[in-house]
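Start at 1 and go down the list; that is how both ligands and their atoms are numbered. This chain uses plain numbering: 1 for the first residue, then up along the sequence. Atom set for the values below is all heavy atoms of this structure, side chains included, hydrogens, waters and symmetry mates excluded.
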Amino acid sequence: MKLFQSFFGASDSPRVVRVRQELVKRKLNVTAVKRLTPHMIRVTLTGADLVGFNSPSPDDHIKIFIPGLDGVPIRRDYTPRRYDPQNGTLILDFVDHHGGPAAAWARAAKPGDRLEIGGPRGSQVVSGVIDHWLLVGDETALPAIGRRVEELPAQTSVTTVVAVPGTEDEQTFVTDACHVAHWIHRPMEQADAAAGILAVLKKLEIPDRTFVWVGAEARVARVVRQYLLDERKVPAQWIKASGYWMKGQADASVKDVGDER
Ligand SMILES: Cc1cc2nc3c(=O)[nH]c(=O)nc-3n(C[C@H](O)[C@H](O)[C@H](O)COP(=O)(O)OP(=O)(O)OC[C@H]3O[C@@H](n4cnc5c(N)ncnc54)[C@H](O)[C@@H]3O)c2cc1C
C-alpha cells in the first residue's frame with residue numbers, strides 16, 4: 001500500500017489522502033443472497049482470495065467482472081459494504097434497477113455462484129478537524145453512506161439525506177456516531193431529479209467545518225454541489241461529489257464532478 005500527497009492542501013481544510021494499492025483480482029464464491037430492502041440485494045462473498053483485502057475508505061470501490069455474451073467481461077463499480085477479515089466475508093449491496101447486467105447478475109445470484117472482483121486500487125481517505133459530516137445521495141450511495149455512518153468515531157455528528165423509492169427502502173445503520181437521517185421518497189425513474197434532495201438541504205443547518213459527501217446520479221451530484229457552493233457558500237475543499245451513474249448511459253460515472261470543466 002502506498003500513501004502519497006494530500007490534495008486538499010490548506011492546513012485548515014480537510015485532508016484527502018490518496019492511498020494506492022496494487023490491483024489484485026480475486027475469484028470469490030457467493031455464500032448468501034438476500035433482499036435487504038425492495039430495491040437492494042445483499043450478496044455475501046467468501047473465498048481464500050480475500051486474504052489481504054483492504055478497503056481503507058468507506059467510499060472505496062471495487063470492479064466486479066461479469067461474463068459478457070461475447071466473452072468480453074463486463075466491468076462495473078461497487079462499494080465494499082462490509083469486509084470482515086475474521087469471518088472472511090465481503091458484502092456487496094446491489095441496487096435492483098431494471099437496466100443493466102450487474103443488476104441482472106445480482107437478481108439471479110445464488111449460493112455457489114462465482115464472482116471475480118478487482119481492487120480497491122485507489123482510496124481517498126478524508127481526515128482533519130471535521131465538526132460535522134453531511135452525506136447526501138441516492139440508493140447507489142447507500143453502501144458508502146452506511147459504511148461511513150457505521151465507521152465514524154463515537155459521538156461524531158453526521159446527517160444523511162438519501163433519496164430512495166419508498167419507506168421500505170430506508171436502511172438502519174448501527175453506529176456510535178450521533179446520526180440524524182432524512183429520507184426522500186421518489187420513484188427510481190425520477191432518480192435524476194435533485195428537487196427532493198434540495199428541498200431537504202434548504203431546511204438544514206450546515207455548520208462551519210462540515211464535510212459534505214455526495215454520491216448520486218451525475219446530474220443530481222452536479223446540481224447539489226453547485227447549490228452548496230453558490231447558495232450555502234460551502235468551500236469547494238469541503239465537498240466531494242461523485243456521479244455514481246448516469247441516466248440513460250451504461251457503465252458511466254463521474255468520480256469527482258468538481259473536476260469537470
Ligand atoms: C464509486 C462507485 C461506487 C458504487 N457503488 C455501488 C454500490 O455499492 N451499489 C450499487 O448498486 N451501485 C453502485 N454504484 C453504481 C453502479 O456502478 C451503477 O449503477 C452501474 O451502472 C450499474 O451497472 P448495471 O450493469 O446494473 O447497469 P449499466 O449497464 O451500467 O446501465 C444500464 C442502464 O441502467 C441505468 N442505471 C444504472 N444504474 C442505475 C440505477 N442505480 N438506477 C436506475 N438506473 C440505473 C443506466 O443509466 C443505463 O441506462 C457505484 C458507482 C460508483 C462510481
Element-labelled atoms of ligand 1 that are located less than 4.0 Å from some non-hydrogen atom of [X]:
{"X": "Ala102", "value": "23 (O), 24 (P), 25 (O), 26 (O)"}
{"X": "Ala103", "value": "26 (O)"}
{"X": "Phe94", "value": "11 (O)"}
{"X": "Met246", "value": "46 (C), 47 (O)"}
{"X": "Asp251", "value": "28 (P), 30 (O)"}
{"X": "Pro143", "value": "7 (C), 8 (O)"}
{"X": "Thr79", "value": "3 (C), 4 (C), 5 (N), 6 (C), 7 (C), 8 (O)"}
{"X": "Ser253", "value": "53 (C)"}

Identity and distance of the protein heavy atom lying nearest [atom]:
{"atom": "atom 19 (O) of ligand 1", "value": "Trp245 CB, 3.8 Å"}
{"atom": "atom 27 (O) of ligand 1", "value": "Gly100 CA, 3.3 Å"}
{"atom": "atom 17 (O) of ligand 1", "value": "Asp77 O, 2.7 Å"}
{"atom": "atom 11 (O) of ligand 1", "value": "Val95 N, 2.8 Å"}
{"atom": "atom 31 (O) of ligand 1", "value": "Ala250 CA, 3.5 Å"}
{"atom": "atom 51 (C) of ligand 1", "value": "Tyr244 O, 3.3 Å"}
{"atom": "atom 22 (C) of ligand 1", "value": "Tyr78 OH, 3.5 Å"}
{"atom": "atom 46 (C) of ligand 1", "value": "Gln249 O, 3.3 Å"}

- Message: Run Asp251 and Trp245 through side chain to side chain donor-acceptor pair (under 3.5 Å) and show every step you take.
- Response: CA-CA 7 Å; Asp251 190 22; Trp245 59 287; over 6 Å; no

Within a radius of less than 6.0 Å around [atom1] of [X], do more than 12 heavy atoms belonging to other residues, nucleotides or ligands occur?
{"X": "Arg121", "atom1": "CZ", "answer": "no"}
{"X": "Asp208", "atom1": "CG", "answer": "no"}
{"X": "Arg186", "atom1": "CZ", "answer": "yes"}

Indicate whether any N or O donor in one side chain lies under 3.5 Å from an N or O acceptor in the other, for [X] and [Y].
{"X": "Asp169", "Y": "His39", "result": "yes"}
{"X": "Arg20", "Y": "Ser123", "result": "no"}
{"X": "Ser157", "Y": "His132", "result": "yes"}
{"X": "Thr159", "Y": "His182", "result": "no"}

- Query: Is there a donor-acceptor contact under 3.5 Å from the side chain of Glu217 to the main chain of Ala191?
  - Reply: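 It does not hold such a pair.
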
- May I ask you to decide if Val214's main-chain N or O and Arg225's side chain share a donor-acceptor pair within less than 3.5 Å? no

- Query: Going by distance only, is there an N or O of Gly248 that falls short of 3.5 Å from an N or O of ligand 1?
  - Reply: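 Yes: some nitrogen or oxygen of Gly248 is under 3.5 Å from one in ligand 1.
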
- Query: Is any N or O atom of Asp93, backbone or side chain, closer than 3.5 Å to an N or O atom of ligand 1?
  - Reply: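 Yes: some nitrogen or oxygen of Asp93 is under 3.5 Å from one in ligand 1.
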
- Item | Structural part of Arg76 in contact with ligand 1, heavy atom criterion under 4.0 angstrom |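 Contact part for Arg76 vs ligand 1: side chain (C-beta onward).
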
- Given that the side chain starts at C-beta and the backbone is N, CA, C, O, which of these parts of Leu92 lies under 4.0 Å from ligand 1, counting heavy atoms, or is it both or neither?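 The answer is neither; Leu92 stays 4.0 Å or more away.
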
- Message: Consider side-chain contact (heavy atoms from CB on, under 4.5 Å). Of Asp59, Asp77, Val95, which one does Tyr244 pass it with?
- Response: Asp59

- In a check of side-chain contact (heavy atoms from CB on, under 4.5 Å) between Ile62 and each of Val24, Thr79, Leu92, which one passes?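 Result: among Val24, Thr79, Leu92, Leu92 is the only option passing the side-chain contact (heavy atoms from CB on, under 4.5 Å) with Ile62.
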
- Query: Heavy atom of Pro101 under 4.0 Å from ligand 1?
  - Reply: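 Flag set, Pro101 near ligand 1.
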
- Query: Does Lys255 come within less than 4.0 angstrom of ligand 1, counting non-hydrogen atoms of the residue?
  - Reply: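 Lys255 counts as a contact of ligand 1 under the 4.0 Å cut-off.
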
- Note on the structure: Minimal heavy-atom distance between Gln237 and Ser13, with the atoms involved, is NE2-OG, 3.6 Å

- Task: Measure from atom 26 (O) of ligand 1 to every heavy atom in His97, Glu217, His61, His39 and give the option owning the shortest one.
- Result: His97

- Note on the structure: Closest to atom 6 (C) of ligand 1 by heavy-atom distance, out of Leu142, Thr140, Asp138, is Thr140

- Item | Distance under 6.0 Å and angle within 45° of ring axis: Lys240 vs Phe211 |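 That pair does not qualify as a cation-pi contact.
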
